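Just so we're clear, the structure is a prediction, and the values are computed from it rather than from any experiment. FYI, side chains are in, hydrogens and waters are out, and symmetry mates aren't considered; it's all heavy atoms of this structure. Below, read A as the first sequence line, B as the second, and so on, with proteins coming before strands; counting in each chain starts at 1.
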Number of protein chains: 2
Amino acid sequence: MRKGRNVIRNKHNDICEVRTVDKRRVAAVRKGMLTGEEAGRLSETFSVLADPTRTRIIHALSQAELCVCDISAVIGVSVSAISHQLRVLRNMRLVKFRKESKMVYYSLDDGHIETLFNEGLKHVRE
Amino acid sequence: MRKGRNVIRNKHNDICEVRTVDKRRVAAVRKGMLTGEEAGRLSETFSVLADPTRTRIIHALSQAELCVCDISAVIGVSVSAISHQLRVLRNMRLVKFRKESKMVYYSLDDGHIETLFNEGLKHVRE
DNA sequence: TTCTCACTTGAATACTTGTTCAAGTGTAAC
DNA sequence: GTTACACTTGAACAAGTATTCAAGTGAGAA
């Protein structure tokens with residue numbers, strides 16, 4: 001049985017437009033809810049894989065350690081664009097690199113992201 | 001042993017700036033590479049979870065079937081914004097809905113996405 | 001030293017995206 | 001009929017992002 005509608009107030013103490021329909025259910029779900037910070041970090045993690053260039057970089061590096069220009073050749077995107085994306089991946093500590101004279105070799109530095117990638121691939125391939 | 005640098009040509013038959021360093025490795029990786037379409041669908045899938053509002057909606061719906069205004073109340077985002085995001089989730093067939101008079105009840109319609117969500121959460125919580 | 005090469009970086013541009021606001025739909029109550 | 005309500009939708013705006021281009025770095029070859 002559904003409870004009556006209730007007007008609630010937000011933190012600014014304004015009249016809140018939101019009306020809850022099922023107070024009990026809302027309270028229960030809200031209790032188990034992600035914190036704003038958790039939701040933020042979670043979506044940030046998924047954002048890394050939300051770009052086709054980055055997914056392809058990660059996929060390529062899951063197969064072999066590669067230098068920047070070889071990643072560029074494999075994926076068919078300019079060296080500059082790859083370098084920019086590698087910086088994103090570096091900042092998130094998802095790849096590591098090794099310098100050998102002029103060359104810079106990149107490889108994956110996070111097992112989780114590979115798991116996530118493969119889980120996503122499974123979903124796409126049904 | 002590193003092979004010599006090679007200038008390759010792209011599909012437009014222009015001289016391509018990209019030089020491969022290790023032809024064999026590049027060829028091998030390229031062979032197992034994702035197609036452009038696969039990479040696109042993969043990153044599209046991850047894009048769904050790349051927004052905190054959507055991750056919270058999915059998390060909420062993984063706990064209970066909820067109407068729009070209750071989702072709004074749980075998450076603390078306007079009904080309109082929630083509705084827009086629900087459309088995205090509907091278009092990707094990740095949620096289903098059920099109408100009961102004036103109310104619309106949403107619930108998850110894809111087990112894969114819950115798996116992906118939980119895998120991501122595991123990563124975030126270490 | 002000078003030159004080339006592999007890569008990085010900053011600025012600019014074009015594109016995408018999330019939220020708000022206002023208007024609109026359809027159902028139920030009055 | 002009118003009103004209230006739950007939700008949807010389109011337009012507009014702001015914020016974020018991926019790529020390109022040009023310049024810069026630093027290591028090794030000449």
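Counting only residues at least two apart or in different chains, side chain to side chain donor-acceptor pair (under 3.5 Å) contacts with residues 43-63 of chain B comprise B/Arg54-B/Gln85. For the ring-ring contact (aromatic ring centres under 6.0 Å, His included) condition, no pair includes a residue of residues 68-95 of chain B, sequence neighbours left out. Evaluation of the ring-ring contact (aromatic ring centres under 6.0 Å, His included) test over residues 27-47 of chain B, restricted to residues two or more places apart or in two chains, returns none.
Between A/Ser78 and D/dT19, a side-chain N or O to OP1/OP2 separation shorter than 4.0 Å is absent. The side chain of A/Gln85 places an N or O atom within less than 4.0 Å of a non-bridging phosphate oxygen (OP1 or OP2) of D/dT19.
A search for side-chain contact (heavy atoms from CB on, under 4.5 Å) contacts involving B/Thr35 returns B/Glu37, B/Glu38, not counting sequence neighbours. Partners of B/Ala27 by side-chain contact (heavy atoms from CB on, under 4.5 Å), not counting sequence neighbours: none found. Taking the side-chain contact (heavy atoms from CB on, under 4.5 Å) definition, one finds that A/Lys31 meets it with nothing, sequence neighbours left out. Legend: residues meeting side-chain contact (heavy atoms from CB on, under 4.5 Å) with B/Ala28, ordered by chain and number and at least two apart, are absent.
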Polar-atom pairs under 3.5 Å, protein N or O versus N or O of nucleotides 7-10 of chain C: list them with distances, or write none.
residue : atom : partner  : partner atom : Å
C/dC7   : OP1  : A/Val68  : N            : 3.2
C/dC7   : OP1  : A/Val104 : N            : 3.2
C/dC7   : OP1  : A/Val104 : O            : 3.3
C/dC7   : OP2  : A/Cys69  : N            : 2.8
C/dT8   : OP1  : A/Tyr106 : OH           : 2.6
C/dT8   : OP2  : A/Ser83  : OG           : 2.8
C/dT8   : O5'  : A/Ser83  : OG           : 3.4
C/dT9   : OP2  : A/Arg90  : NH2          : 3.3
C/dT9   : O4   : A/Ser80  : OG           : 2.8
C/dG10  : O6   : A/His84  : NE2          : 2.8

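Comparing the start and finish of the helix from C/dT1-D/dA30 to C/dC30-D/dG1, five pairs each, the helix axis swings through 10°, to the nearest 10 degrees.
Scanning both residues, A/Val77 and A/Ser72, for their nearest heavy atoms gives O-OG, 2.6 Å.
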Taking distance alone, no hydrogens or angles, what donor-acceptor pairs closer than 3.5 Å link side-chain atoms of residues 117-124 of chain A to residues at least two apart or in another chain?
residue  : atom : partner  : partner atom : Å
A/Asn118 : ND2  : A/Glu114 : O            : 3.1
A/Glu119 : OE2  : A/Lys122 : NZ           : 3.4
A/His123 : NE2  : B/Asp110 : OD2          : 3.3

Residues 87-96 of chain A side chain polar contacts: donor-acceptor under 3.5 Å, at least two apart:
residue : atom : partner  : partner atom : Å
A/Arg90 : NH1  : A/Tyr106 : OH           : 2.9
A/Asn91 : ND2  : A/Arg87  : O            : 3.4
A/Lys96 : NZ   : A/Leu108 : O            : 3.4

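Rounded to an integer number of Å, the gap from NZ of B/Lys99 to P of C/dT25 is 14 Å.
Residues from residues 44-55 of chain A placing a heavy atom under 4.0 Å of any atom in DNA chain C do not occur.
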